[in-house]
2 protein chains.
Amino acid sequence: MTHQKIRNMEEFAAASGLSRPTVSKYFNDPGSVRPSTRERIEAAIEKYDYRPNIFAINQNRKLTKNIGIVVPHLADPFFAEIARKIEQRCIEAGFWPMLFSAYGEKKHENDILDSLRSLRPAGVLLAPLGRASDRAEIEKFCRDVPTVLFDSNIDGLGEAFVGSDNFSFVSQTVEYLTRSGEPPSFFEMRTPANPNANKRRLAYIQMMERLGFEPHVIKVDGEGWEFEEIGKRGALKVLKAGGLPTNAILCSNDRLAIGFLSACYDLEIRVGRGEDCALRVASNDDHPFSKFTCPPLTTAAHDYDSVANCSVETLFELIENGGSFQRRTETLFPARLVLRSSA
Amino acid sequence: MTHQKIRNMEEFAAASGLSRPTVSKYFNDPGSVRPSTRERIEAAIEKYDYRPNIFAINQNRKLTKNIGIVVPHLADPFFAEIARKIEQRCIEAGFWPMLFSAYGEKKHENDILDSLRSLRPAGVLLAPLGRASDRAEIEKFCRDVPTVLFDSNIDGLGEAFVGSDNFSFVSQTVEYLTRSGEPPSFFEMRTPANPNANKRRLAYIQMMERLGFEPHVIKVDGEGWEFEEIGKRGALKVLKAGGLPTNAILCSNDRLAIGFLSACYDLEIRVGRGEDCALRVASNDDHPFSKFTCPPLTTAAHDYDSVANCSVETLFELIENGGSFQRRTETLFPARLVLRSSA
DNA sequence: ATAGAAACTTTACGCGCGGAAAAAATAAGT
DNA sequence: ACTTATTTTTTCCGCGCGTAAAGTTTCTAT
């Protein structure tokens, strides 16, 4: 059972009793050869455990099977989760997903784009940092590589955008909080990293005005991606100062809310919709941990599956389309309100 | 300012007024050419924004500059965090880190190893799934690719192991809980995915016996990587049944503890070291979110930096050593007790 | 100035594969 | 059995770079 080790496609073709171009054809599209030869090749693959040299393939093909996936921060389980779904879909479609995280830093994001360019990917799914992104660099990148933006939109960049409809998030949470009690104040970072945050604030203000209430936006200080810490510190400061304008709080995102709830716990402020509760807290994202906060968080859930699927589908379409669309499309998925005991 | 686009190293060398072999030499080791020619090359790089084709390089070098990083589950911020540190160190050293997550599945882990083999990496840092890993496959992989295991040890596999000293974790938490109150029970999954869990249980039993107390191990049901959910469900069941054997609980890991604390909150059981608290809960790992649980979690912290650094250093040494060590070493880093208000 | 070392150029081959073109073999249909 | 369409083989060239060998230029030190 000791076959001589196959070194390349030439030897593999010889061992299968076929010519190299035929074998090459098979690897590029198994359906393009006669069923009988296909069987012979697949038997030989099984027998010799041969696979073509990926570097030689990528060097010679006009287009590789690589797909770049770039997220702003993998240590945020939200992105880990969506990256997982995207990776899976890419693999199923026969691509090689390559996952990158900017870990919150512009320099790193630029470096990733630089590396990615060298990898000549068939396409890239990019969730940009947002405010911290280097617009010029991304623009340049998008000229070279077919790119679909997701999660975080940057006007005009990429051939398409797929994300969540921030208005749908906020309108549902505001509407629910208002209907089931009092209208909320909005709790957010003063200088949010992510453009979604701005859209959410605007949606909040718009909803409040539509419902005939005065909007209250509470802005807390802090930079970077340590949202829980920023939320907690900000909440402690605001709560200690007394005077929340309302007894309901809508946090811009779940990670801030996690910090907010932690602050409430520290200060022995009971959160929830019970009689004995001083405050209701809701939020947006349905972060994987929001189910386990104390109390569990009422939040507007991303349609993770749809965003991941649609991003991937759009990119595949883009690739088949030769790398560009006539028109840049923006696809937004609505939120689903998840009621838990925090509000 | 419209230079003709440089297509390859030949053209680049011509544009720099040098020969291709010299330029090639530069890219393999910038210090190996005369300072004056180095300057010329670097000026040309700046001017033409040229970089060598990575696929051609990888095809021709005996050893690539790729380094594979494999973790069991990226959606666990613990692994995202450690992966981040490892990636950074690899980049600094001029390597190309490639990050993979098995997302808790054996099949996926095997597929990753398969892909990784094709990428002919200089080395691989592997944190295996543990119990779910396919020992035979990993063993085979380690014969082909220089591999250092980290976080989760599998006896005899890989050229070295770097991780945390589970005894140090548990001994400190048990000792602290005992000293500051009563000795704890141990809360864990019945069939833990990770070998560290077993080591922790054994360490708990050993510590308790050493201190002259009877160990109590509480095992809860559940499979997979949804530790918070498993912890919460298990805790609800145990707590509702009454009869915790002790008023202190040591959870095997922070994610279980997050679930445990969530259950306590639901049942209005006050956790902490205050007079009005019924229970103290401590744990292991210093998960990024353990600072924001309610109450904040007392836990034994991994020395993230040391584990990441040592893993990388060990791999570099392994690579320089030609891919094998005379002796398989195991390096363990002790824990640092982090006191918060949960215990 | 001159020998010797160091750096560079020239030439050439190899890596493993994609892919084109023409010839040969095989299959399908009447 | 014969034509025709399809598939496979043969024979090439090209991709962009690593790398070796031999010859030439440039630097360094006496």
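Quick note on labels: first sequence line is chain A, next is B, and so on, each numbered from 1. Model, not experiment: these values are computed from the prediction.
If you take CG of A:Leu63 and P of D:dC15, they are 18 Å apart, rounded to a whole angstrom. Here the C1' atom of nucleotide C:dC17 and the CZ atom of A:Arg120 are 13 Å apart, to the nearest Å. Rounded to whole Å, atom P of D:dT6 lies 20 Å from atom CZ of A:Arg38.
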5' to 3', nucleotides 17-30 of chain D under a 4.0 Å protein heavy-atom cut-off (B base, S sugar-phosphate only, - none) gives BBB------S----
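The backbone N or O of A:Arg20 sits nowhere less than 3.5 Å from a side-chain atom of A:Glu10 that would complete a donor-acceptor pair.
For the OP1/OP2 pair of C:dC8 and a distance below 4.0 Å, the side-chain nitrogens and oxygens of B:Thr37 include at least one atom meeting the criterion. For A:Thr22, a side-chain nitrogen or oxygen approaches OP1 or OP2 of D:dT9 to under 4.0 Å.
Checked options A:Glu81, A:Glu87, A:Arg84; the residue passing with B:Tyr103 is A:Glu87 (criterion: side-chain hydrogen bond (donor to acceptor under 3.5 Å, both in side chains)).
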**Prompt:** Should B:Lys47 and B:Asp49 be marked as a salt bridge (Lys or Arg N to Asp or Glu O under 4.0 Å) after you check the CA-CA gap, both sets of side-chain angles, and the distance that decides it?
**Reply:** CA-CA 6 Å; B:Lys47 184 171 173 190; B:Asp49 196 36; over 6 Å; no
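Using the six-membered ring where Trp is involved, B:Phe12 and B:Tyr50 have ring planes that are parallel, under 30° apart on the 30 and 60° scheme.
Here the closest non-hydrogen pair linking B:Arg120 and B:Lys62 is NH2-O, 3.5 Å. Of all heavy-atom pairs spanning A:Pro72 and A:Leu129, the tightest one is CB-CD2, 3.6 Å.
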